[in-house]
Protein chains: 2
Amino acid sequence: MADIKSGPNPLFLREDQLYEGMELLFFAYRDFTAECDAILATYGFGRAHHRVIYFVARNPGISVAELLAILRITKQSLSRVLGQLVRENYIESRQSGKDRRRRLLSLTDQGQELEQRLSTVHRALLARAYREAGAESVDGYRQVLLGIIDETDRKRFAKG
Amino acid sequence: MADIKSGPNPLFLREDQLYEGMELLFFAYRDFTAECDAILATYGFGRAHHRVIYFVARNPGISVAELLAILRITKQSLSRVLGQLVRENYIESRQSGKDRRRRLLSLTDQGQELEQRLSTVHRALLARAYREAGAESVDGYRQVLLGIIDETDRKRFAKG
DNA sequence: ATTTTATGTCAGCCATGTTGACTTATATGC
DNA sequence: GCATATAAGTCAACATGGCTGACATAAAAT
């Protein structure tokens, strides 16, 4: 009983640390997306559009099925935002040569502009957090988040 | 130009590291919430209900205004889920003695049961990630996420 | 020739956010 | 004590982004 004041109570601390870890993730995710959400709104887009733009930018030539696997949403949900991005000339969808059923997605110039604008915000935010936290912290951040991520998707980060 | 192969190109690596950091956050958040979402669905609840239950559990006696400040949603949005939780006897709302305009929120026994069920899932998930990553990593995780969080809310974590 | 796969589309539903307008009860300040 | 401010709740309407189910088309694979 005196443990709480006189010395470390591993169980108590541990549980408290876990609750803190959950909240950190909640607040960080909320604040990470806030500024980009505001920019997207001026284009008539939402967070869903950003995800599509982001993953197409990072994986030029990605197919619709591959994109669906990353986002884990239904094709009907994707279709709504992807269709809008294609119609408004942010994303280009061209037929694959090898398998002409597949549509390969890439950003148009306009899409790249928007992607850059959004990425700049995110890069700045994260770069500041990294700088303040220091290099070893960045590795810790990486390790813990990797542990939270589903094994299937963990492979995406295999390199490090 | 040879930099990319022959040695570290700090700029390239840095940018790549930042992109990785963004994706880690995206995938981790998605996977962190997935299992609880499934449990909540069996109660007819969603992620919004979980947030309310969580913050009321962690802050028993919290007022509606304080809860709104944490969640950063409108009172109309909160009202929908909070009202449901009160009606279905997961949360109790009692008048404050000092200021009778205020409603102080706390979990009922039933609410605590659900909260425990959800927390157990999250604690297990995070505990495993912490264990795999190691103690120093946990501190790094904490530092980086703190840096991402809005200064206003960073104060919530002031203790450490 | 048949079946499977990749994609697209229509229609409707649900959860959860938003704005705006308004009410009620209570506290606070002049 | 009266006027104003604050805490909370409510009604209505709307947007976003998930979901399911059903179905169509083109092309690849068997």
Side-chain angles (χ1 to χ4, degrees), chain A residues 26 29-30 33-34 36-56 61-88 91-105, chain B residues 26 29-31 33-34 36-56 61-88 91-106:
Chain A
F26 166 73
Y29 192 79
R30 190 196 61 182
T33 54
C36 283
D37 286 352
I39 294 173
L40 288 156
T42 70
Y43 288 77
F45 294 151
R47 205 176 287 181
H49 300 84
H50 189 182
R51 289 186 198 123
V52 172
I53 288 173
Y54 176 85
F55 285 107
V56 170
I62 192 174
S63 73
V64 172
E66 287 164 345
L67 192 50
L68 284 173
I70 290 178
L71 298 174
R72 292 216 194 136
I73 57 174
T74 60
K75 68 177 170 179
Q76 295 92 324
S77 294
L78 174 58
S79 167
R80 190 160 34 202
V81 288
L82 180 55
Q84 199 183 340
L85 289 166
V86 170
R87 277 195 305 280
E88 299 182 19
I91 286 186
E92 189 177 47
S93 165
R94 67 179 196 289
Q95 212 167 32
S96 165
K98 300 177 207 164
D99 181 341
R100 280 152 49 220
R101 289 172 303 182
R102 292 160 66 97
R103 303 298 147 123
L104 307 185
L105 307 172
Chain B
F26 166 73
Y29 192 80
R30 189 195 60 183
D31 293 344
T33 53
C36 284
D37 285 352
I39 294 172
L40 289 156
T42 71
Y43 289 77
F45 293 151
R47 204 177 288 180
H49 299 84
H50 189 181
R51 289 186 199 124
V52 171
I53 287 173
Y54 176 85
F55 284 109
V56 169
I62 191 174
S63 73
V64 172
E66 286 164 347
L67 191 49
L68 284 173
I70 289 178
L71 298 172
R72 293 217 195 136
I73 57 175
T74 58
K75 69 177 168 180
Q76 295 92 327
S77 295
L78 174 58
S79 167
R80 190 160 35 204
V81 288
L82 180 54
Q84 200 183 340
L85 289 166
V86 170
R87 278 194 306 279
E88 299 181 20
I91 286 186
E92 190 178 45
S93 166
R94 66 177 197 292
Q95 211 167 33
S96 166
K98 298 177 210 164
D99 181 341
R100 279 151 51 221
R101 288 171 304 180
R102 290 159 67 98
R103 304 298 147 124
L104 307 185
L105 307 171
S106 53

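Worth saying up front: this structure is predicted, and the values here are computed from it rather than measured. Naming: A, B, ... by sequence-line order, numbering from 1 per chain.
Within residues 45-53 of chain A, the residues that place at least one heavy atom under 4.0 Å from DNA chain D are, in residue-number order, A/G46, A/R47, A/A48, A/H49, A/R51. A heavy atom lying under 4.0 Å from DNA chain D marks the following residues of residues 61-71 of chain B, by number: B/S63, B/V64, B/A65.
When rounded to the nearest whole Å, the span between CD of B/Q84 and P of C/dT16 equals 8 Å. Rounded to whole Å, atom P of D/dA24 lies 13 Å from atom NZ of A/K75. Whole-Å rounding puts the A/I73 CD1 to D/dC19 P distance at 7 Å. The separation between A/R102 atom CZ and D/dT25 atom P is 23 Å, rounded to whole Å. Separating the CG atom of A/D99 from the P atom of C/dT7 is a distance of 8 Å, rounded to the nearest angstrom. Atoms CG (A/L78) and P (C/dG8) sit 8 Å apart, rounded to a whole Å. Between B/R80 atom CZ and D/dG9 atom P the separation is 15 Å, expressed in whole Å. Between A/L82 atom CG and D/dG18 atom C1' the separation is 16 Å, expressed in whole Å.
Below the 3.5 angstrom threshold, one finds a donor paired with an acceptor across the side chain of A/R101 and the base of C/dT5. Side-chain atoms of A/Q76 and base atoms of C/dG12 include no donor and acceptor less than 3.5 Å apart. Contact of A/R103 with C/dT7 (side chain to base): no donor-acceptor pair of N or O atoms is detected under 3.5 Å.
Side-chain contact annotation: A/R47 with A/T33, donor-acceptor N/O pair under 3.5 Å present.
For the OP1/OP2 pair of C/dT16 and a distance below 4.0 Å, the side-chain nitrogens and oxygens of B/S77 include no atom meeting the criterion. OP1 or OP2 of C/dA27 has at least one side-chain nitrogen or oxygen of B/R100 nearer than 4.0 Å. For the OP1/OP2 pair of C/dT18 and a distance below 4.0 Å, the side-chain nitrogens and oxygens of B/T74 include at least one atom meeting the criterion.
Nearest approach of B/R51 to B/L71, heavy atoms of both residues: CB-CD2, 3.9 Å. The minimum heavy-atom distance between A/A48 and A/V81, with the atom names listed, is CB-CG1, 3.8 Å.
Using a cutoff of 4.0 Å between basic side-chain nitrogens and carboxylate oxygens, B/D31 and A/R72 are scored as salt-bridged. Checked for salt-bridge contact, A/R102 and A/E66 meet the test: a charged N lies under 4.0 Å from a carboxylate O.
The ring-ring contact (aromatic ring centres under 6.0 Å, His included) search around B/Y29 returns A/Y29, not counting sequence neighbours.
Without hydrogens or angle criteria, B/Q95 side chain to B/R100 main chain gives a donor-acceptor distance under 3.5 Å.
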- Message: Let's go through A/I70 and A/I62 carefully: what are the C-alpha distance in whole Å and the side-chain angles of both, what is the deciding distance for side chain to side chain contact (heavy atoms under 4.5 Å, CB included) to 0.1 Å, and is it a yes or a no?
- Response: CA-CA 11 Å; A/I70 290 178; A/I62 192 174; 4.0 Å; yes
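Taking the six-membered ring where tryptophan is involved, the planes of A/F45 and A/Y43 are essentially parallel, since the angle between them stays under 30° and well short of 60°.
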